[in-house]
Amino acid sequence: MKYNSTRNSTLSVDSAKAINDGISKDGGLFVPNEMPKLDKEFFVRLSKMNYIDRAGEVLRLFLTDFTDEEIKACTKGAYAGTFDNDCPAPLYRLNDNTSILELWHGPTCAFKDMALQILPYLLTTSSKKVADGQTTVILVATSGDTGKAALEGFKDVENTKIIVFYPVDGVSNAQKLQMMTQEGENVYVCAIKGNFDDAQTGVKKIFTNPDVAAKLAENGMAFSSANSINWGRLLPQIVYYISAYCDLIAEKGEVESYNVVVPTGNFGNILAAYYAKKMGAPINKLICASNSNKVLTDFIESGVYDRNRSFYTTISPSMDILISSNLERLIYDMSGCDSELISGYMAGLSADGKYEVNDKIKAELNANFVGGYATDDETKAAINETYITYNYLADTHTGVAIKVYNDYVKNTGDKTETVIVSTASPYKFSADVLEAVDSKSADHDGIKAMAILSEVTGTKIPTPLSGLDKRTVRFEDVCDSDDMIKAVYGYLGI
Ligand SMILES: *Cc1c(COP(=O)(O)O)cnc(C)c1O
């Protein structure tokens with residue numbers, strides 16, 4: 001299998017090159033040039049396997065330049081002993097036709113772990129093939145979840161170093177503590193004075209500065225990216241949509257089709273579901289759930305992507321996004337791989353913040369996707385109702401998905417088996433979850449709210465989040481956004 005760029009369909013590289021480089025030089029994203037087609041036997045066979053073996057079976061279809069031994073080393077390294085009960089993506093049944101796919105049993109309690117636990121293995125294996133002996137330096141700007149998950153994934157991984165910048169006042173108390181107390185010999189964390197955009201802009205400047213690249217090269221190093229434009233982050237996400245279907249088969253025998261509901265920000269997670277559908281997983285509707293930043297809801301309805309609108313800070317912060325970068329991969333596919341058309345749309349997006357897709361893509365969107373959104377109050381009401389009805393505690397992002405699914409059922413009467421994707425532990429957003437289930441006990445301090453939430457609901461604080469305030473602080477540096485290069489050189493000792 002080869003990989004093309006969404007902005008140059010004639011470019012053709014191996015998966016190792018696509019993963020090592022992260023993004024194509026023309027600014028496009030790497031996409032597989034064909035979709036493997038799976039038959040019923042494939043799913044039945046996988047339904048008898050554990051998650052690690054299922055992941056191996058899916059990955060080998062896409063990483064044809066990897067050996068089976070290499071793939072096995074990647075999947076075992078990522079998923080053995082790192083998730084609760086060695087079960088990275090369990091299905092929790094809510095009622096006859098609805099279950100919750102819990103993707104937050106990893107080391108940082110958010111679904112980013114599903115991909116960021118394996119990306120370091122995919123990346124180091126790829127780098128050995130295309131740039132042997134080099135030290136890969138991962139640079140991350142984070143608004144919370146990605147930075148911590150990347151740190152946990154890359155800590156003490158051979159031939160890598162990871163540097164994370166976060167806005168000093170832009171992350172939650174718990175998220176800050178998670179990063180300041182990070183362990184590992186190859187990690188560095190620094191707060192910057194400014195907001196997330198300042199951190200992100202600073203990182204992009206360092207990435208594209210040729211003098212910095214030359215200085216790294218002199219020292220046997222090169223930068224790479226751990227965010228969701230990298231194919232190595234998207235591919236592992238296809239696995240759990242296939243795994244969920246295998247679990248449904250194992251549970252129910254015959255399952256004709258299933259809907260998936262995905263709380264969406266950058267469009268990486270739901271795009272993986274679309275790819276699973278293209279491969280033959282019998283997914284009926286892909287239900288895209290947004291918070292008040294509902295640029296995707298409007299896009300699915302009208303075919304117009306327009307980021308010129310107010311930005312809202314919500315209780316589901318990991319979905320507070322107005323540019324969903326992975327959408328480019330979707331419309332490339334729906335256009336029939338027309339990279340010229342996509343380049344035009346993306347030029348429109350950067351010039352005017354806006355583009356409108358053609359009728360062919362609109363028809364494809366309509367056939368596959370349903371969009372919806374939830375306000376903060378609606379999200380809290382959904383968390384409350386789910387807790388009262390099913391004694392199930394959902395986080396704020398999952399709450400958005402539940403509300404949008406309830407609307408969908410009301411509007412359509414569709415009784416198809418449905419998998420609602422749950423992207424974070426409720427304890428990661430404990431202040432808002434506590435307010436939703438028991439407003440009398442609400443407490444705005446996330447650390448205190450964790451303890452109260454545990455008491456009120458009789459559920460356990462996940463180990464990675466308990467005792468956060470008692471761990472040793474290792475990283476207290478704060479720098480101006482203009483001094484980020486100095487901080488990078490200082491840490492790398494160059
Ligand atoms: C990142 C994230 C999302 C959004 O996922 P995308 O792949 O960006 O659409 C949703 N929920 C949580 C908790 C996240 O961390």
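In each ligand, atom 1 is the first atom listed, and ligand 1 is the first ligand listed.
- Counting protein heavy atoms only, atom 8 (O) of ligand 1 is closest to Asn266 N, 2.7 Å.
- A 4.5 Å side-chain heavy-atom check between Leu59 and Ile118 finds at least one atom pair inside the cut-off.
- Among Lys148, Lys112, Lys428, the residue whose heavy atom lies closest to atom 2 (C) of ligand 1 is Lys112.
- Proximity of Phe111 to ligand 1, defined as any heavy-atom pair under 4.0 Å, is confined to the side chain (atoms from C-beta onward).
- Counted within 6.0 Å of CD on Glu301, heavy atoms from surrounding residues, nucleotides or ligands total 12 or fewer; the atom is thus considered open.
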Would you list the atom pairs, donor with acceptor, under 3.5 Å between side chains in residues 381-388 and any protein atom, with sequence neighbours excluded?
from   : atom 1 : to     : atom 2 : distance (Å)
Asn384 : ND2    : Ala436 : O      : 2.8
Thr386 : OG1    : Ala382 : O      : 2.7

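- Ligand-side atoms of ligand 1 in range of Phe267: 6 (P), 8 (O), 9 (O), range being under 4.0 angstrom from any heavy atom.
- Taking atom 7 (O) of ligand 1 as the reference point, the nearest protein heavy-atom neighbour is Asn269 N, 2.9 Å.
- Looking at Asp145 against ligand 1, only its side chain comes within 4.0 Å, counting heavy atoms.
- Protein heavy atom in closest approach to atom 4 (C) of ligand 1: Gly265 N, 3.6 Å.
- Of the residues Asp145, Asp395, Thr423, the one that meets the side chain to side chain donor-acceptor pair (under 3.5 Å) test with Lys428 is Asp145.
- In terms of modelled atom types and a separation under 3.5 Å, the side chain of Asp21 and the main chain of Ile23 share no donor-acceptor contact.
- Residue Gly268 has at least one N or O atom closer than 3.5 Å to an N or O atom of ligand 1.
- The distance from ligand 1 to the heavy atoms of Ala424 drops below 4.0 Å at these ligand atoms: 13 (C).
- Among protein heavy atoms, atom 13 (C) of ligand 1 sits closest to Thr423 OG1, 3.4 Å.
- Here the CZ-OG1 distance, from Phe111 to Thr398, works out to 11.0 Å after rounding to the nearest 0.5 Å.
- With 3.5 Å as the limit, one finds a donor-acceptor pair spanning the side chains of Asp320 and Asn293.
- Annotation for Tyr79 and Pro236: closest pair OH-CB, 3.8 Å, computed over non-hydrogen atoms.
- No N or O atom of Ala110 sits closer than 3.5 Å to an N or O atom of ligand 1.
- Atoms of ligand 1 found under 4.0 Å from any heavy atom of Thr264, numbered from 1 in the order shown, are 9 (O).
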